[in-house]
Amino acid sequence: MEKDILLTMQEDLARALAKPSRTVRWAMLISTKKCVGCHACTVGCMSENVLPPNVIYRPVFEMTSGKYPKVKMDFVPRPCQHCDAPPCVPVCPTNGKATYKSTENGLVMLNAAECISCGLCVEACPYKARTMDGSNYYTENIKVQPYELRTFPEYDGKWQRTDGKAPMSNVRKCSFCLHRLKDGMLPMCVTTCIGRATYFGDLNDSESLISKMMMASTTVTIQSIPDAKPKTGKAVFGASKTKPRVFYIL
């Protein structure tokens, strides 16, 4: 029986965590050929990060091409691209306190306690990967349920969605599940993908599965997604000036 790629990526992760963090280049590779549009990654992410209504870190866009009767549908998951030249960082008026490119792990990070809720980074992101927390709950018309009040270890902190406190009314976005990585676990979206369409690991490790897949495949990046609604979005593929760390196999 062929070895599940999750086991291989778990081994890659353990090897990466044994290295100095600054020498690791975390990246994600998504195969649209294998994605079946089940949205399991979306739901898993929402649960893991206690996301409120209208905040989706990993929407799955449905793309159609061709004309009847030869119509093709593809599914394109879109997490934060964790760009190496992120346009969201220089527009943040907190001088790198709320939104910044980490020199420790290379990811585009957030500190909700420093966010002033201006929304400038939301507008600057060409991938629509940032959303304001609307300070609402799925169960607010009845008694707010405990699962919406859970603490969650997003980025380098412990948070709880409590009225008047961060991250309520602040910016939210995908973190590549940094808290899981530190505990030796793959990102939630990777482990919940039933089609094994998402690869994750250290691009600086030539023996990692993601590095081997990148070398063996023709990969592209997303330039922009003008519409953030999962079922109506558009994606333009090609080289991107933002230097994203999320790649796609078409």
Side-chain angles (χ1 to χ4, degrees), residues 4-32 34-35 41-42 44-45 48-49 57-59 76-89 96 99-111 121 125-127 129-130 152-157 171-193 196-217 219-222 239-249:
D4 192 319
I5 66 169
L6 288 182
L7 297 178
T8 300
M9 288 189 286
Q10 192 67 51
E11 294 170 357
D12 294 344
L13 176 59
R15 197 163 56 250
L17 292 175
K19 299 166 54 179
S21 58
R22 296 191 180 193
T23 67
V24 176
R25 187 183 176 208
W26 299 118
M28 188 173 287
L29 174 63
I30 301 171
S31 174
T32 61
K34 297 173 69 176
C35 179
C41 59
T42 303
C45 174
E48 176 74 14
N49 296 291
Y57 287 177
R58 190 180 165 101
V76 184
R78 190 246 42 219
C80 172
Q81 306 291 291
H82 288 282
C83 308
D84 284 334
C88 56
V89 172
T99 290
Y100 58 97
K101 180 76 171 176
S102 173
T103 57
E104 182 64 27
N105 56 50
L107 302 182
V108 178
M109 299 280 282
L110 273 178
N111 184 341
C121 63
C125 177
Y127 308 103
R130 289 171 170 257
F152 51 98
E154 199 165 46
Y155 295 99
D156 285 327
V171 175
R172 305 285 303 273
K173 78 169 193 70
C174 153
S175 67
F176 270 0
C177 280
L178 178 62
H179 59 285
R180 288 175 60 90
L181 297 180
K182 289 183 175 181
D183 286 339
M185 297 184 291
L186 293 165
M188 178 60 74
C189 60
V190 177
T191 60
T192 55
C193 179
R196 300 295 189 260
T198 304
Y199 302 87
F200 184 85
D202 177 16
L203 281 186
N204 285 342
D205 178 3
S206 61
E207 294 302 312
S208 67
L209 179 59
I210 188 172
S211 291
K212 292 178 180 178
M213 290 297 298
M214 289 284 289
M215 289 187 288
S217 308
T219 61
V220 296
T221 56
I222 290 181
S240 175
K241 294 181 180 179
T242 67
K243 300 179 181 179
R245 291 195 182 191
V246 178
F247 303 88
Y248 293 82
I249 300 174

Participant: Please enumerate all residues that pass ring pair (Phe, Tyr, Trp, His ring centres under 6.0 Å) together with Phe176, with sequence neighbours excluded.
Facilitator: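 Phe176: ring pair (Phe, Tyr, Trp, His ring centres under 6.0 Å) contacts with His82, Phe200.
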Participant: Do the non-hydrogen side-chain atoms of Ile210 and Asp12 ever get within less than 4.5 Å of each other?
Facilitator: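 Heavy-atom side-chain distance check fails, nothing below 4.5 Å.
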Participant: Could you check whether any side-chain heavy atom of Cys83 comes within less than 4.5 Å of a side-chain heavy atom of Tyr127, counting everything from C-beta outward?
Facilitator: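 Result yes, sub-4.5 Å side-chain heavy-atom pair found.
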Participant: We want to know whether Thr192 and Arg58 form a side-chain donor-acceptor pair, criterion being a heavy-atom distance below 3.5 angstrom.
Facilitator: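 No, Arg58 and Thr192 have no side-chain donor paired with an acceptor closer than 3.5 Å.
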Participant: How many angstroms lie between atom CG of Leu6 and atom OG1 of Thr191, to the nearest 0.5 angstrom?
Facilitator: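 One finds 7.0 Å between CG of Leu6 and OG1 of Thr191.
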Participant: Please confirm whether the backbone N or O of Asn49 pairs with a side-chain atom of Arg172, one donor and one acceptor, at under 3.5 Å?
Facilitator: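 Side chain of Arg172 to backbone of Asn49: a pair is present.
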Participant: Does any non-hydrogen side-chain atom of Val76 lie less than 4.5 Å from one of Ile222?
Facilitator: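 Yes. Closest side-chain heavy atoms under 4.5 Å.
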Participant: For the residue pair Pro79 and Ala129, what are the closest heavy atoms and their distance?
Facilitator: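 Heavy atoms only, the tightest pair is O-CB, 4.4 Å.
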Participant: So, using side-chain contact (heavy atoms from CB on, under 4.5 Å) as the criterion, who are the partners of Thr221 when residues are at least two apart?
Facilitator: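 Partners of Thr221 under the side-chain contact (heavy atoms from CB on, under 4.5 Å) test: Ser240, Pro244, Phe247.
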Participant: Spell out, as yes or no, whether a donor-acceptor pair under 3.5 Å connects the side chain of Gln10 to the backbone of Gly184.
Facilitator: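 Yes, the answer is positive, given that a donor and an acceptor are paired below the 3.5 Å cut-off.
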Participant: Would the number of heavy atoms belonging to other residues, nucleotides or ligands and lying under 6.0 Å from NZ of Lys243 be above 12?
Facilitator: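 Not buried by this count: 12 neighbours or fewer within 6.0 Å.
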Participant: Side chain to side chain contact (heavy atoms under 4.5 Å, CB included) for Met28 and Gln81? Distances and angles first, verdict last.
Facilitator: CA-CA 9 Å; Met28 188 173 287; Gln81 306 291 291; over 6 Å; no
Participant: With side chain to side chain contact (heavy atoms under 4.5 Å, CB included) as the test, would you mind laying out the steps for Lys173 and Cys121 before giving the verdict?
Facilitator: CA-CA 11 Å; Lys173 78 169 193 70; Cys121 63; over 6 Å; no
Participant: Supply the atom-to-atom distance Ser31 OG to Arg196 CZ, rounded to the nearest 0.5 angstrom.
Facilitator: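 Separation between the atoms: 13.5 Å.
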Participant: Does any N or O in the side chain of Ser211 come within less than 3.5 Å of the main-chain N or O of Asp205, such that one atom is a donor and the other an acceptor?
Facilitator: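 Between the backbone of Asp205 and the side chain of Ser211 there is a qualifying donor-acceptor contact (under 3.5 Å).
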Participant: Any non-hydrogen side-chain atom of Met214 less than 4.5 Å from a side-chain atom of Leu203?
Facilitator: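 With C-beta onward as the side chain, the pair touches.
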Participant: Could you tell me whether the side chain of Thr23 reaches within less than 4.5 Å of the side chain of Asn204, counting heavy atoms only?
Facilitator: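 The answer is no; the side chains never approach within 4.5 Å.
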Participant: Are the side chain of Ser208 and the backbone of Asp202 linked by a donor-acceptor contact shorter than 3.5 Å?
Facilitator: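 Side chain of Ser208 to backbone of Asp202: a pair is present.
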Participant: Verify whether one side chain among Lys34 and Tyr199 offers a donor that lies under 3.5 Å from an acceptor in the other.
Facilitator: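 A pair is found: one side chain offers a donor N or O, the other an acceptor, under 3.5 Å apart.
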Participant: Is there side-chain contact between Lys182 and Asp156, with heavy atoms separated by less than 4.5 Å?
Facilitator: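 Lys182 vs Asp156: side chains touch.
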Participant: Can you name the side-chain contact (heavy atoms from CB on, under 4.5 Å) partners of Tyr100, sequence neighbours left out?
Facilitator: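 side-chain contact (heavy atoms from CB on, under 4.5 Å) check on Tyr100 returns Ser102, Met109.
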Participant: What salt bridge (Lys or Arg N to Asp or Glu O under 4.0 Å) pairs are there with at least one residue in residues 100-111, not counting sequence neighbours?
Facilitator: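 Those involving residues 100-111 are Arg22-Glu104, Asp84-Lys101.
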Participant: Would you please name every residue forming a side-chain contact (heavy atoms from CB on, under 4.5 Å) with Glu48, sequence neighbours left out?
Facilitator: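 Expected list: Cys177, His179, Arg180, Met188.
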Participant: Quick one: does Val171's side chain get under 4.5 Å of Thr99's, heavy atoms only?
Facilitator: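 Counting from C-beta outward, Val171 and Thr99 never come under 4.5 Å.
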Participant: Could you pull out the closest heavy-atom pair between Cys125 and Arg130, with the gap in Å?
Facilitator: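 That would be CB-CD, 4.4 Å.
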Participant: To the nearest 0.5 Å, what is the distance between CG on Leu13 and CG on Asp183?
Facilitator: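 CG of Asp183 is found 10.5 Å from CG of Leu13.
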Participant: Tell me every residue that passes side-chain contact (heavy atoms from CB on, under 4.5 Å) with Val220, counting only those two or more places apart in sequence or in another chain.
Facilitator: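 In terms of side-chain contact (heavy atoms from CB on, under 4.5 Å), with neighbours along the sequence ignored, Val220 is linked to Phe237, Tyr248, Leu250.
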Participant: For residues Cys41 and Thr198, determine if any side-chain heavy atom of one lies less than 4.5 Å from a side-chain heavy atom of the other.
Facilitator: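 They are not in contact (no side-chain heavy atoms under 4.5 Å apart), so the answer is no.
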Participant: About how many Å separate CG of Leu107 and OG of Ser21, when rounded to the nearest 0.5 Å?
Facilitator: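 Rounded to the nearest 0.5 Å, the OG-CG separation comes to 10.0 Å.
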